[in-house]
Amino acid sequence: MDAPLLSVRGLTKHFKPSAFSRGPVVRALEDVSFDVPRGSVVGLVGESGSGKTTIGRSILRLVEPTSGEVRFNGTDLTKLSTAELRKQRRFMQYIFQDPFASLSPRMTIGQILTEGLEIQGGLSREERSTRARQALAAVELPADAFNRYAHEFSGGQRQRIGIARALALDPQLIVADEPVSALDVSIQAQIVNLLRDLQQRLGLTMLFISHDLAVVEYICDTVIVLYLGRIMEIAPSAELYARPRHPYTRALLSAIPSPVPGDRRQRQLLTGDIPSPANPPSGCVFRTRCPYAIDACAAAVPPLETVGPGHLKACIRDDL
Amino acid sequence: MVAIALPRSNGPLARSLSRFVGNGAAVAGLMILLPVLIAVLTYDLWWPHAPNDIDLRALNKGPSAAHWFGTDGVGRDVLARLLQGGRISLLVAGVSVAISLVIGFLVGALAAFGGRITDGSTMRLVDLAMTLPPVILLLVLASIAGTGIVPTIFVISLLSWPVLSRMVRARLLELRERDFVVAARGMGANLWHLLFRHGLPNCIDILVVYATLQIANAILLEAGLSFLGLGIPPPEASWGNMLNAARSTVVLEQYVWQWMFPGAALVLAVLAINFIGDGLRDAFDPRSDLN
Ligand SMILES: Nc1ncnc2c1ncn2[C@@H]1O[C@H](COP(=O)(O)OP(=O)(O)OP(=O)(O)O)[C@@H](O)[C@H]1O
Ligand code: SF4
Ligand SMILES: [Mg+2]
């Protein structure tokens, strides 16, 4: 088998309080490891505050990880100098959640789309413009958008522009951070379909962040379930939905309304609040809300263990 | 195709401009300032008297056909001195504001992008500069730097950048976390790109408003310094030293034109510039679109 395009090992991020304010260290990520095979879409799900954005940004070193390795094409990005990293950046692009904040109000769409090419250098003005227009066409926006400003577009159109900006650099990896959760439900499907088409047509590798399990099931090959900065379960998409092994995944899945009326699947609703990442529980971080928790759960952090082909879970109870 | 054709609308700068044009006071300010500016810049083409020409037959003469604004105690034409003084005042104000714009922006940028330690130490320095009483600082600096155009410019610019650098820093700190700036970093942008492609355009409102209001302020500072004899020394004319020359009781009571015209020019110019500055501030504030 091919080596994965992206391979994350032991990724940890602790946000330290600023030099002038005293406060707790926020343990946003603890020892996160996973692979993203070339050409696949890996989903990252978890509740708000579980560290999804921090993973996405740490991978691209938009947030400086505290420790861990991020191997991209075999190169550990965390070890690169600023100049070396700059050269790698064209191969990995980010799509933002908020289509309003992610486009500069003072630049035309053309300037936004050519910005990355200009930064990376090596192309003439005409070539940059041609590439940007191709990207605009790829996201199905009219060519006359080129000389307009972002405020003239709707949320869905702006998100297309954000996607075009990422595509203009011809990247290998795209990190899409909840690309549809700020959009109207009616627009969400269009954007998800667009992303899927582009991914397949261009052979992109994608890390798709979402808190919507239904969207993730549709677009992803593999799903990673995150809770309080730790991975709870990793499984191929179909497998995860059919046979979730981790109590947290089960709780998440049972919270999705069933499309079949009268379906009385056993519903386990999550009770209680997520603990603060500044002061996570000992042992299994999920134990304060886990219906199956036993005393041993508090003792040690459960390791991610293989329970099937490509299926891993971090739970000490194998009887579940 | 998903996108519907939208009516073309203008960029953010064009929209600010149209808001400015709709502001009565600001446009009035511009109507006052523009003729004054043109007169000041072109007076030697159409006014027969030079600012330092002495007419010994006309000492302390009131306004007449030959000397519209009268003459001063040594027979110099007040209008010519007023217009030359305007040149000097505007030159000093313009150059010192330009200098403090550059310093203020760069220091603000250094604080915002330079990391915690640079930020902390730069801002303590700015705090220090801001807590010193400006009048005293001005007097001390002026007595060290001496009199003349260049020292006056130096003193005024040194006094006025700290406020700007605070505003620029606050704006850039906020900007740094905005998604489109993170996107630029994600595409490999260096500090230079971030500063001049994102930082500067998004500070343009602060800079323009500051520059306008600060020009008015600098005109006043120059007048104040010159009035105290620390700014532009005679025989060079400036609005401040014209007022200084006219401060004796005799002049005050009997030769009203010698101080009234420079005084009025000062007040009018400063007011007009302030109106323009306020208008620009409103024009750049997106919330004013809602009204
Ligand atoms: N710059 C920062 N400084 C301090 N703490 C941070 C910072 N960024 C994120 N955090 C904290 O790290 C944790 C994870 O945040 P993150 O934004 O990665 O979560 P998320 O899963 O993306 O949530 P959401 O679904 O709301 O986007 C949160 O507790 C958050 O408060
Ligand atoms: S380790 Fe214990 S607390 Fe954690 S999920 Fe498994 S059973 Fe629940
Ligand atoms: Mg997030």
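Hydrogens, waters and symmetry mates play no part in the numbers below; they use all other heavy atoms, side chains included. Below, chains carry the letters A, B, ... as their sequence lines are ordered, and counting in each starts from 1.
If you check the side chains of His193(B) and Glu118(A), you find no donor sitting under 3.5 Å from an acceptor.
In this structure, chain B has a heavy atom under 4.5 Å from the side chain of Phe96(A), while its backbone stays farther away. Heavy atoms closer than 4.5 Å to chain B are found in both the backbone and the side chain of Leu62(A). Of the atoms belonging to Met107(A), it is side-chain heavy atoms, and not backbone ones, that fall under 4.5 Å from chain B.
A distance of 11.0 Å separates CG in Leu103(A) from CZ in Arg178(B), rounded to the nearest 0.5 Å. Between the CE atom of Met187(B) and the CZ atom of Arg165(A) there is a distance of 5.5 Å, given to the nearest 0.5 Å. With rounding to the nearest 0.5 Å, the separation of CD1 in Ile119(A) from CZ in Arg185(B) is 11.5 Å. Interatomic distance, CG of Asn190(B) versus CZ of Arg86(A), reported as 5.0 Å (0.5 Å rounding). Annotation: the span from Arg106(A) atom CZ to Leu200(B) atom CG amounts to 10.5 Å, rounded to 0.5 Å.
Annotation: Met130(B), atom CE; neighbour count of heavy atoms from other residues, nucleotides and ligands within 6.0 Å is above 12. Sparse packing is recorded around CZ of Phe154(B), with 12 or fewer heavy atoms of other residues, nucleotides or ligands lying under 6.0 Å away.
The minimum heavy-atom distance linking Ser102(A) with Phe180(B) is given by the pair O-CB, 3.3 Å.
In terms of heavy-atom pairs under 4.5 angstrom with chain A, the leader among Asp179(B), Ile117(B), Ile204(B) is Asp179(B). Comparing Gly116(A), Ala145(A), Pro171(A), Gly162(A) by how many heavy-atom pairs each has under 4.5 Å with chain B, the most go to Gly116(A). When each of Arg90(A), Gln120(A), Lys87(A) is scored by its heavy-atom pairs under 4.5 Å with chain B, the top score falls to Gln120(A).
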